[in-house]
Student: 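Below is a structure I'd like to ask you about.
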Protein chains: 2
Amino acid sequence: MLSRSRIVDAAVDLIEREGADAVSMRRIAAGLGVGVMSLYNHVPNKAALLDAISESVLSKIEFTDDPSAHWTDRVRVQARAFRQIAHHYPRSTMVVFSRQLHSTAGLLPVERALSTLRDAGFEGGEAVRMLRMFVAYIVGSLLREVGVTPTFAPVRGDATVVDVDPALFPEVSSLAPYLTSCDHDEEFEFGLELLVQAMSVRAGKQAGRRSARG
Amino acid sequence: MLSRSRIVDAAVDLIEREGADAVSMRRIAAGLGVGVMSLYNHVPNKAALLDAISESVLSKIEFTDDPSAHWTDRVRVQARAFRQIAHHYPRSTMVVFSRQLHSTAGLLPVERALSTLRDAGFEGGEAVRMLRMFVAYIVGSLLREVGVTPTFAPVRGDATVVDVDPALFPEVSSLAPYLTSCDHDEEFEFGLELLVQAMSVRAGKQAGRRSARG
DNA sequence: GTTGACGGACGTACAGCGTACGTGTCAGTC
DNA sequence: GACTGACACGTACGCTGTACGTCCGTCAAC
């Protein structure tokens, strides 16, 4: 028996196996062993199916939030949970990012994150701004990681940075070894720590106001 | 006479006017008053055309770098220059983000940014990590701004957050007014300042190493 | 002036796409 | 038995990217 979730799962599988470009209603139907138009009994159109895929992927994020942990650790855990799913469904993640997220699937993560930020001492608009900034960093990082890994297209040779004129681009040239290689885990953790530290400073300033201006 | 740049410009215009989904070789050709297949004399295929669009948009970023300014101000200026282009070509920017950027068009910005970071006192891998983190934040922010603004699809009603059960999502519910509204300029500057401050702390720590571990 | 080569614009054709519409087959209810 | 709804399916239409062949304007060689 066909169902919306079976269709979504098959679509995600297809995306991960053959890439987002390979996704067509006919391919999905073939994968399920049904006719094309049968899908439309459960999904209004392809755009809605892609939205459902986004929702499905986002809902897979596991937020094992430990309220007793320090808020900095909770931030770290939540960020890594996001990233883990993105790495598990890299090509589908690109689909998520390329679409509007206007669904309530991501509401639980938001609730958890806001709760964490409140513990950190952020109130009202400040908490929301912090959350948005954090999400921006995570999304931007994952877009790079997932776009670079063999996700959407086969990786091209890294000769692009090798044949750079050192006279024109001295910095790029001298930092070439760092630019060509990239330990994604390390990069992510680096930015994560920087953000957590920046938030700690900000939190201390506004919450405890410890020895500031005094 | 047809040319690659004329095709790219027409494509960008079309994307901005009617959205990325409306882009087809036939539409572009019609906009230029030529036959479809004439395009293929200048562009190998549609994917290459989209890559050319990315390159074109990225190359429009104006980096009026002032080496005499303080590095923090240079960082701000560079980030805003990026954002300005994204706002000028919002729908095309989505195309840029959805593709692999593997072109040398973004090399000048990279050079400028690395130079700025060197002035800030970052060396080697640290500079590259800072750059990547910064780009991640900017890209993530723009993805949200540009994805929310009437860019890809018409904006949906903001009733998604209104009908939230306060018992299930207390934080989301109480912060609803902050979550539904969003001053993008303010948000961007907020994160920008936070990052610049975080970088300043880091720069002071590793460059001057003033009174650390002492 | 004629000829040949060639680059570029173009038309045709084909496979594949999303999906509107109609049809057939069941399960459940009177 | 008849009626009803849900659901799987086939057909068909307009669209897509693009391979291929054709035609024409320009220019070099003779």
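Treat the numbers as computed from the prediction; the structure is a model and nothing was measured. Below, read A as the first sequence line, B as the second, and so on, with proteins coming before strands; counting in each chain starts at 1.
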Student: Please identify which of these residues, B:Glu145, B:Glu189, B:Gln78, meets the side-chain contact (heavy atoms from CB on, under 4.5 Å) condition with B:Arg83.
Tutor: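 Single side-chain contact (heavy atoms from CB on, under 4.5 Å) partner of B:Arg83 among B:Glu145, B:Glu189, B:Gln78: B:Glu145.
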Student: Taking side chain to side chain donor-acceptor pair (under 3.5 Å) as the definition, give me every residue that meets it alongside B:Asn45, ordered by chain and number, with sequence neighbours left out.
Tutor: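 B:Asn45 satisfies side chain to side chain donor-acceptor pair (under 3.5 Å) with no residue once adjacent residues are dropped.
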Student: Under a 4.5 Å cut-off applied to non-hydrogen side-chain atoms, are A:Arg129 and B:Tyr178 in contact?
Tutor: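 A side-chain contact is absent here, since even the closest heavy-atom pair is not under 4.5 Å.
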Student: Hey, mind stepping through B:Glu126 and B:Arg202 against salt bridge (charged side-chain N to carboxylate O under 4.0 Å, His left out) and telling me if it holds?
Tutor: CA-CA 10 Å; B:Glu126 185 91 349; B:Arg202 194 90 169 195; 3.1 Å; yes
Student: Return the polar atom pairs (N/O with N/O) between nucleotides 5-9 of chain D and the protein under 3.5 Å, or none.
Tutor:
unit_1 : atom_1 : unit_2  : atom_2 : d
D:dA8  : OP1    : A:Leu2  : N      : 3.2
D:dA8  : OP2    : A:His42 : NE2    : 3.0
D:dA8  : N7     : A:Asn41 : ND2    : 3.0
D:dC9  : OP2    : A:Gly35 : N      : 2.9
D:dC9  : OP2    : A:Ser38 : OG     : 3.3

Student: Using only heavy-atom distances, determine whether the side chains of A:Ser92 and A:Glu16 contain a donor-acceptor pair under 3.5 Å.
Tutor: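 Distance-only check passes for A:Ser92 and A:Glu16.
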Student: Do any of residues 24-31 of chain B sit with a heavy atom less than 4.0 Å from DNA chain C, and if so which?
Tutor: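 Close to the strand are B:Arg26.
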Student: Contact between A:Leu142 and A:Phe82 at the side-chain level, heavy atoms closer than 4.5 Å - yes or no?
Tutor: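 They are in side-chain contact.
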Student: Provide the full list of salt bridge (charged side-chain N to carboxylate O under 4.0 Å, His left out) pairs with a residue in residues 26-49 of chain A, sequence neighbours left out, each pair given once.
Tutor: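 Only A:Glu18-A:Arg27 qualify under salt bridge (charged side-chain N to carboxylate O under 4.0 Å, His left out).
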Student: Using the rule given for side-chain contact (heavy atoms from CB on, under 4.5 Å), can you reason through B:Asn41 versus B:Leu2, listing the C-alpha separation, both sets of side-chain angles and the distance that settles it, and then say yes or no?
Tutor: CA-CA 9 Å; B:Asn41 290 320; B:Leu2 212 48; over 6 Å; no
Student: Chain A on DNA chain C: first and last contacting nucleotide, 5' to 3', under 4.0 Å to a heavy atom?
Tutor: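 It runs C:dC17 to C:dC21.
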Student: List the atom pairs, with distances to 0.1 Å, where a side-chain N or O of residues 4-14 of chain A and a protein N or O form a donor-acceptor pair under 3.5 Å, not counting sequence neighbours.
Tutor:
unit_1 : atom_1 : unit_2 : atom_2 : d
A:Ser5 : OG     : A:Ser3 : OG     : 3.3
A:Arg6 : NE     : A:Met1 : O      : 3.2

Student: Do the side chains of B:Tyr89 and B:Ser56 get nearer than 4.5 Å, heavy atoms only?
Tutor: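 No, side chains not in contact.
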